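Because the structure is a prediction, the values reported are computed rather than measured. Residue indices begin at 1 and follow the sequence shown.
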Amino acid sequence: MSMKRTSHRYISAAAIIAALVTVDGWTARLSGHGAVFIGNAQARVGRPLTPASVAGVARRTTRRTIRRSAIYVAALPAACVNTSVSGTVLWQCGATYYQPYGGRYVVVYVD
């Protein structure tokens, strides 16, 4: 018998909370003022700093992968730019990346 009463208490408490939230939303809409129980939720990018946010964690843990190909060249094409990708020194010539390797350059793919 006590188990049945306990479950009725939880159901009653949930019903009261749902009613309060519903009435709070209605009164906020009708009056044009903010709600009493539930305030406006605002999402602002970067404020406050959220080191544990999902977007921040994904941004900090995403690393670029460098894969070597079987294509080697003795000299780089003209107008190449020295760049660094994830701490690795590469040469970028247009859309192609090269990595120095044993006196030659190997074409690498950056993912």
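- Interatomic distance, OG1 of Thr96 versus OH of Tyr109, reported as 8.5 Å (0.5 Å rounding).
- Asp111 places none of its side-chain heavy atoms less than 4.5 Å from the side chain of Ile66.
- By the neighbour-count criterion of 12 heavy atoms within 6.0 Å, atom OH of Tyr101 is sparsely surrounded, having that number or fewer from other residues, nucleotides or ligands.
- Follow the hydrophobic side-chain contacts under 4.5 Å out from Trp91 and you never reach Val106; the two are in separate clusters.
- Here Val73 pairs with Tyr98, Tyr105 under the side-chain contact (heavy atoms from CB on, under 4.5 Å) rule; sequence neighbours left out.
- Under the 4.5 Å side-chain heavy-atom criterion for Ile, Leu, Val, Met, Phe, Trp and Tyr, Leu76 and Val110 are members of distinct hydrophobic clusters.
- Distance CD/Gln92 to OG/Ser84: 12.0 Å, rounded to 0.5 Å.
- Residues Leu90 and Val108 meet the side-chain proximity criterion, which asks for heavy atoms closer than 4.5 Å.
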